[in-house]
Amino acid sequence: MRITSTSCICPVLVCLCFVQRCYGAAHHGSIKVTRNQTKHIEGETEVHHRPKRGWVWNQFFVLEEHMGPDPQYVGKLHSNSDKGDGSVKYILTGEGAGTIFIIDDTTGDIHSTKSLDREQKTHYVLHAQAIDRRTNKPLEPESEFIIKVQDINDNAPKFTDGPYIVTVPEMSEMGTSVLQVTATDADDPTYGNSARVVYSILQGQPYFSVDPKTGVIRTALHNMDREAREHYSVVIQAKDMAGQVGGLSGSTTVNITLTDVNDNPPRFPQKHYQLYVPESAQVGSAVGKIKANDADTGSNADMKYTIINGDGSGVFSISTDKETREGIISLKKPLNYEKKKSYTLNIEGANTHLDFRFSHLGPFKDVTMLKIIVGDVDEPPLFTMPSYVMEVYENAKIGTAVGTVTAQDPDTANSLVRYFIDHNTEEDRYFTIDANTGTIKTAKIFDREETPWYNITVSASEIDNPELVSHVQVGVRILDINDNPPELAREYDVVVCENAKPGQVIQTITATDKDNSANGARFHFSLDEGLSLNPNFTLRDNEAGPSVSHQIGPEGKCPSESLCTSVYEHLLNQRII
């Protein structure tokens with residue numbers, strides 16, 4: 001067989017020729033693969049070596065990416081019927097016949113005219129036939145064979161999923177699996193080492209390692225601390241040819257973040273703090289903040305603050321702001337600088353989510369001392385009573401002293417106090433007050449029956465600071481005197497029947513008095529002495545109250561029955577009888 005100088009295939013492949021399609025062992029015209037056949041042109045003689053009949057091949061090979069100037073030699077078809085006289089014509093049909101693959105119809109030599117890419121098409125199925133040139137009759141049955149594109153290492157490994165983003169808990173044990181990366185190589189994995197990939201780490205040591213065969217990335221150090229370093233950029237290389245020199249390579253980046261675990265206890269930056277709170281602070285208000293630092297994040301840094309002891313534990317409280325993780329100190333009771341000028345609190349900050357794997361790094365809490373300084377504030381005067389009740393008789397003269405209110409400056413300065421009444425209402429105008437002593441006096445004449453009670457507001461301010469004002473309510477009760485005569489409850493028009501019996505009560509008379517019962521609990525009734533008395537009627541007091549009775553004459557009969565009846569009905573309607 002003739003070999004061109006441009007052929008690069010191995011000697012074994014050069015001898016491959018054709019696959020016979022088996023139609024039966026006795027078929028005379030079958031095409032056989034011949035070996036070591038040499039054609040001597042000068043003498044027109046051939047030297048035939050006995051072929052190995054059992055050595056039958058089903059495919060040719062063509063090297064991919066062939067870039068030579070001449071067509072690439074693929075192989076040779078030869079029929080035993082070919083005597084070398086040119087009477088046999090070889091015909092090639094099928095995939096790529098005539099375009100990619102051409103055949104010398106006299107010699108049976110097959111060439112590839114184009115550069116092929118195995119990654120696009122791995123093989124071609126063709127058909128071969130040998131015919132007699134003179135008769136065009138087939139000398140062999142048409143046979144099918146395959147031309148396989150032989151792989152070369154023309155594809156570098158690729159990471160199709162990169163770059164990667166992955167996390168691993170900090171403080172993980174050495175050798176903890178982080179991620180498995182996989183590179184693919186488009187070359188033929190069944191031929192040579194073109195697609196045999198080996199992994200290595202280009203960047204990221206000594207923190208991480210990669211298994212050269214599997215691509216599994218693992219931690220390479222003990223106790224990697226997120227608080228020391230959180231992010232790592234690891235570059236992984238995949239190299240084909242089993243990592244040998246000359247192999248092609250590809251790389252990818254794996255961004256690894258250490259996730260947090262609770263391996264850091266909270267710590268107060270200082271062991272002693274001081275807080276200033278004015279004595280005027282309102283109960284329930286926040287008066288200060290304190291914070292313990294925790295290098296962890298998320299729930300691992302959550303904590304709770306507690307006042308564990310101190311003389312201010314009953315005056316102050318502490319709560320935890322979940323957003324800022326600060327301890328908010330609030331006032332539970334009023335402060336008084338004059339009574340107590342400072343308090344001490346021992347405050348504990350403790351993690352709420354513990355990880356017992358790291359308990360040996362604890363305790364996961366810390367304590368600090370907070371001293372609270374109470375600030376002196378210039379306070380308004382303080383009345384000795386929350387309210388006052390005073391009394392005065394209604395016939396009191398103008399200028400009569402009703403009572404005295406007293407207020408003092410609660411501050412250590414003990415400034416003098418000035419009193420006054422804001423005459424904003426008519427009730428306030430009935431009284432005056434001594435600005436220095438706080439004595440309240442009457443300014444008008446009272447009438448208890450008209451206004452029995454007065455409510456006034458007394459104010460007190462410091463002379464040195466008039467803007468600081470306190471107020472107190474003063475109630476003044478007007479005491480009654482007997483200055484009102486009794487009056488009949490109404491006018492009475494009495495009707496009596498002429499035949500009424502002696503001693504019969506014909507009317508009860510009621511009187512009222514504007515004064516209270518202390519000045520007239522009982523009334524005395526009598527007939528007016530200035531008027532002539534009628535002997536037929538009498539008036540007497542009842543024990544239960546005043547009443548009137550009458551006595552009629554001796555006749556004792558009504559002039560007519562109808563008249564007595566009408567009088568009787570009238571008295572019934574007036575509820576006299």
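Judged as a ring-ring contact (aromatic ring centres under 6.0 Å, His included), not a single pair has a partner in residues 236-267 (not counting sequence neighbours). Within the structure, the side chain to side chain donor-acceptor pair (under 3.5 Å) test picks out no pair touching residues 273-292 (sequence neighbours left out). The ring-ring contact (aromatic ring centres under 6.0 Å, His included) analysis of residues 308-366, with sequence neighbours excluded, yields the pairs Phe316-Tyr343. Residue pairs meeting the salt bridge (charged side-chain N to carboxylate O under 4.0 Å, His left out) criterion with at least one member in residues 245-273, sequence neighbours excluded: Arg226-Asp260, Lys271-Asp366. The list of side chain to side chain donor-acceptor pair (under 3.5 Å) pairs with a residue in residues 173-182, not counting sequence neighbours, is empty. Sorted by first then second residue, the ring-ring contact (aromatic ring centres under 6.0 Å, His included) pairs that include residues 229-270, not counting sequence neighbours, are Tyr207-Tyr232, Phe208-Tyr232.
By the side chain to side chain donor-acceptor pair (under 3.5 Å) test, Asp296 pairs with Asn264, sequence neighbours left out. For Asn223, the side chain to side chain donor-acceptor pair (under 3.5 Å) test picks out no residue, with sequence neighbours left out. Scored by the side chain to side chain donor-acceptor pair (under 3.5 Å) test, Arg133 finds Asp105, Thr106 as partners (sequence neighbours excluded). Qualifying side chain to side chain contact (heavy atoms under 4.5 Å, CB included) partners for Ala156, counting only residues two or more places apart in sequence or in other chains: Leu248. A search for side chain to side chain donor-acceptor pair (under 3.5 Å) contacts involving Asn346 returns Asn309, not counting sequence neighbours. Looking at residues two or more places apart in sequence or on another chain, you find a side chain to side chain contact (heavy atoms under 4.5 Å, CB included) between Thr160 and Thr184.
The backbone N or O of Thr257 lies less than 3.5 Å from no partner atom in the side chain of Thr259, so there is not a single donor-acceptor pair. For Glu64 (side chain) and Ile152 (main-chain N/O), a donor-acceptor pair under 3.5 Å exists by modelled atom type. Ser330 places no side-chain N or O within 3.5 Å of a backbone atom of Ser317 that could act as its donor or acceptor partner.
Side-chain contact between Glu170 and Met224 is absent, with no heavy atoms from C-beta onward closer than 4.5 Å.
A salt bridge does not link Asp85 to Lys83: none of the charged side-chain nitrogens sits closer than 4.0 Å to a carboxylate oxygen.
How far CG of Asn300 is from CG of Asp294: 8.0 Å, rounded to the nearest 0.5 Å.
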